[in-house]
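See structure below.
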Amino acid sequence: SSRLPPENQPTGLTIKSSSYTFRPIRRTVIFLTMYTILLTRLLLITLWQLFGPVAAVVKCPERKERIRYDIGDFTPEEFKCWESAQRRLWRNGIFNKIQVEHGMIGPPGHKGDILFLEAHRWLLLDWEDALIESADKPECCLPGSPYYDLGRRTEAWENNRTVLFTDDRIGVCPDELACVTGTFRDLSFSHRDEGKRCVMRNCEDLHKMIPAHRMEERIGRSISWNMTGKAIFQGNHIRAHVAVGGHMGVCAESARDVFFWLVHTYVDRDFTHWYNPPNHPELAAFRSHMDHQTLAMKIPFYEKTIAEVDARQKKANIRYVMPGEREGVTNWDPLEPLGNDDHLSQEQIDKEDAEGAPTAEELEILKHGHPSKTTGELQTPPAGESESTKKEAPQGQKNPNQPVLHNPNAGMQVAPYIFADIWIVLLLIFFTQRA
């Protein structure tokens, strides 16, 4: 090449040198460009979520309080909203997660004492939070979790003529063990009927419910937290569980039936009215007193103190409205008038308890399950009774035998963004190496 004229000399070495000189600068420019695109994309996603059409949808007005009505006082729109919200919770796994939590409360939370009241109060707040969040849209604003006043429908209940147990509401209560019909039939994860999931009930023997005014009388006689828990636990609450049977008839399975949540909101209403009786501030001041040792007691499974449970309840600012007292609404499940019997003696209370109380066999069914009254399959004891879970964890430590609950669909909403970002990073690396 040295013999060639200067104008014909190869220039490859010069170009190569120039390429090596400018390649780091080119890589830097591409690198910064790609990262600028990535950061801009993330910024646009954030702005879209904050100010875009999705965020612009008018949600339900902020609740200054949660109002819990009798389910019969729900408007047709609210009932449909309540129904669809529960189906949405079932689809995303939260329904199952919360019902498993109820099973994990176990026997310590079902002894009819203060721990029974407080553990189910925390559980109910979890349920209500999820329910309201699932239904929080302009056309579907739930005031709170509804209850069902069993004491105002004793005759209809005994004759299985309540409007609640129809296909248009929560499904029939059959006279023998069978799947329920209607919207809530398949909100179950355990039993299969002809290859389909179903909620089971068995209303062969509907126990007589205690009238509302008599329940108020016996709860009002309670002078301590544990006495109140016992009065409520052994009242219409336990009768409803064993009377409906099926999933409701087994402690560990009962939260699979939507009727469970109506009953336990009713339980919390009675507890709330004992704790803070309307028009009796002097009783409220007396009953709100609790020693520090009791406040420090921890409810089963959740490891929350009673003080934390009550603080959460107070923050939610919950107000109960008695059946038939919602302004402008007629209760669609007819109510019996309140009685005005004289004060019951202890002898009368004991007699009434004996007439409608579940038998020892039915209570055993509730605790362990039984094929004649439940889901047709032998049920295992509720979580917490097995030998592996009887040992309590040391103070301040979690029980290693306690399963970790999670929502199987957690994070699915952000997954598309994560996958898109991974592709952008891979493209960034590819073009940087090619530069």
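- Both the sub-6.0 Å distance and the 45° axial angle are not jointly satisfied by R269 relative to the ring of W274.
- Within the model, atoms CE of M297 and CD1 of I114 stand 6.5 Å from one another, a figure rounded to the nearest 0.5 Å.
- The side chain to side chain contact (heavy atoms under 4.5 Å, CB included) search around E77 returns T75, not counting sequence neighbours.
- Rounded to the nearest 0.5 angstrom, D129 CG and I94 CD1 are separated by 10.5 Å.
- For residues 107-117, every residue pair satisfying the side chain to side chain donor-acceptor pair (under 3.5 Å) rule, not counting sequence neighbours, is listed here: H102-H110, H110-H120.
- The aromatic rings of H273 and Y320 stand perpendicular to each other, their planes meeting at an angle above 60°, with 30° marking the opposite boundary.
- Looking at D73 and T330, their side chains never come closer than 4.5 Å, going by heavy atoms from C-beta outward.
- Note on residues 155-166: no pairs pass side chain to side chain donor-acceptor pair (under 3.5 Å), not counting sequence neighbours.
- A cation-pi contact, defined as under 6.0 Å to the ring centre and within 45° of the axis, links R326 to Y69.
- With a 4.5 Å cut-off on side-chain heavy atoms, T154 and L150 do not count as touching.
- Legend: residues meeting ring pair (Phe, Tyr, Trp, His ring centres under 6.0 Å) with W127, ordered by chain and number and at least two apart, are F95, W261.
- Using a 4.5 Å heavy-atom cutoff, the side chains of R169 and F79 are in contact.
- Considering only heavy atoms from C-beta on, Y302 comes within 4.5 Å of E101 through its side chain.
- Under the 6.0 Å cut-off for aromatic ring centres, F116 and W122 do not qualify, their centroids lying 6.0 Å or more apart.
- Looking at heavy atoms from C-beta onward, Y275 lies in side-chain contact with W225 at the 4.5 angstrom threshold.
- Ion pairing between R152 and E336 fails under the 4.0 Å rule for side-chain N and carboxylate O.
- We find the SG-CZ distance between C198 and R256 to be 11.5 Å, quoted to the nearest 0.5 Å.
- The side-chain heavy atoms of R68 and V321, taken from C-beta on, include no pair separated by under 4.5 Å.
- To the nearest 0.5 Å, atom CG of residue D257 and atom NE2 of residue H241 are 10.0 Å apart.
- Side-chain contact between H264 and H237 is present, with heavy atoms from C-beta onward closer than 4.5 Å.
- Side-chain contact between P323 and Y147 is present, with at least one heavy-atom pair separated by less than 4.5 Å.
- Using modelled atom types and a 3.5 Å distance limit, the side chains of R121 and T272 yield a donor-acceptor pair.
- Y148 and D333 share a donor-acceptor pair across their side chains, judged by distance under 3.5 Å alone.
- Here M215 pairs with I210, R218, I219, N236, Y266, D270 under the side chain to side chain contact (heavy atoms under 4.5 Å, CB included) rule; sequence neighbours left out.
- Considering only residues two or more places apart in sequence or on other chains, R153 meets the side chain to side chain donor-acceptor pair (under 3.5 Å) condition with D70, N331.
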